[in-house]
Protein chains: 2
Amino acid sequence: MSDPPLFALLNEVSIIEHLARNRLERALPEGLRVSHFVVLNHLVRMGDGRSLVRIARAVQVERPAMTNTIQKLEARGLVRLEPDPRDGRGKLVFLTPAGRAARQEAVAIAEAAVAPVAGDVSIADIESVLPVLRRLRAALDRARD
Amino acid sequence: MSDPPLFALLNEVSIIEHLARNRLERALPEGLRVSHFVVLNHLVRMGDGRSLVRIARAVQVERPAMTNTIQKLEARGLVRLEPDPRDGRGKLVFLTPAGRAARQEAVAIAEAAVAPVAGDVSIADIESVLPVLRRLRAALDRARD
DNA sequence: ACAATATAGTTCGACGACGAACAAATGCAA
DNA sequence: TTGCATTTGTTCGTCGTCGAACTATATTGT
């Protein structure tokens with residue numbers, strides 16, 4: 001009656017994701033959602049000037065969700081849009097200075113939010129686990145239609 | 001400019017959760033949501049005759065979400081409700097035979113859905129990873145207000 | 001016993017994400 | 001070139017989850 005190991009793993013993953021997301025959501029400044037933070041983070045780390053679809057694919061949301069997120073970020077002045085000079089359909093997303101500042105602040109908040117658990121999971125633990133998770137992620141990504 | 005290891009871990013977790021959830025959602029029979037499946041699964045594994053709040057806490061959703069989920073399950077005849085004889089406010093949730101059958105079918109579907117990734121992640125991999133994740137989950141759970 | 005507080009379940013309004021469908025622009029094929 | 005399929009970003013309708021607020025019942029403190 002016990003679960004296959006992969007189920008147990010996905011179950012843990014699901015609960016961790018939920019707890020971490022809720023925790024971060026509450027810690028972030030009023031109105032800045034986790035989805036916004038993820039996009040800001042992505043743009044800082046991978047470079048801005050990317051199209052909506054490209055960002056959407058990278059952070060695993062559908063295009064309408066990204067339209068919504070980017071509109072919120074633009075309304076907050078954290079992001080600026082320009083038409084793609086090479087593709088009349090596309091828009092390119094650029095970070096504003098305010099966007100970079102907000103991201104930096106959010107990272108600090110996020111670090112503080114997860115700090116309490118750092119004592120229970122060591123760096124070595126994490127690094128032993130990461131390769132497997134990356135492989136799992138890659139496999140799931142590949143298996144996606 | 002690189003992430004703290006714990007961030008990288010949570011990032012992988014978040015993506016894996018998203019991919020796995022989407023994949024399962026599409027594989028499940030029409031109208032049976034992942035949230036429904038999670039509840040059925042919980043009742044089979046941990047025993048039925050539990051209250052809504054208790055189930056809600058176990059599967060990490062808020063009470064209104066559980067009210068909604070249980071109402072859907074009841075409408076489908078997968079679950080039956082009885083007043084708690086020891087607490088006039090409470091309702092106890094019981095699985096119906098149809099509910100157990102639906103769960104069994106859903107488990108088979110879920111197993112088939114994740115089968116393609118089994119080749120990339122061995123049982124040994126999973127078991128090496130599980131203890132760390134459980135510790136992380138417990139830490140996050142404890143740190144929750 | 002009785003008032004104050006907490007808890008179970010629900011309803012409500014807001015919000016984010018999804019799939020479907022659309023217009024505009026691009027790419028490909030004959 | 002012209003016609004068809006693809007892609008980009010958007011809008012729309014639906015749905016699930018959340019927090020706040022409410023009723024009814026329990027529990028606690030005095």
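Quick note on labels: first sequence line is chain A, next is B, and so on, each numbered from 1. The figures that follow rest on heavy atoms only: side chains count, while hydrogens, waters and symmetry mates do not.
For B:Arg63, the CZ atom counts as loosely surrounded, since its 6.0 Å shell holds 12 or fewer non-hydrogen atoms of other residues, nucleotides or ligands.
The pair A:Asp87-A:Arg89 counts as a salt bridge, with a side-chain nitrogen and a carboxylate oxygen less than 4.0 angstrom apart. Using a 4.0 Å cut-off between charged nitrogen and carboxylate oxygen, A:Arg80 and A:Glu82 count as a salt-bridge pair.
Counting only heavy atoms from C-beta on, B:Ala65 has its side chain closest to D:dT17 among D:dT17, C:dG9, D:dG9. For B:Arg57, taking side-chain heavy atoms from C-beta onward, the closest of the listed nucleotides C:dG16, C:dA8, D:dT10 is C:dA8.
At least one side-chain nitrogen or oxygen of A:Ser35 sits closer than 4.0 Å to the OP1 or OP2 atom of C:dA17. For B:Lys91 and C:dT10, the shortest distance from a side-chain N or O to OP1 or OP2 is below 4.0 Å.
Between the P atom of D:dC12 and the CD atom of A:Gln71 lies a distance of 11 Å, rounded to the nearest Å. When the C1' atom of D:dG9 is taken as reference, atom CG of A:Asp87 falls 11 Å away, rounded to whole Å.
When heavy atoms are screened at a 4.0 angstrom cut-off, B:His18 is found touching the sugar-phosphate backbone but no base atom.
In this structure, A:His42 and A:Arg50 approach most closely via the heavy-atom pair NE2-NE, 4.0 Å.
Side chain A:Arg89 to base C:dT26: no donor-acceptor pair is found below 3.5 Å.
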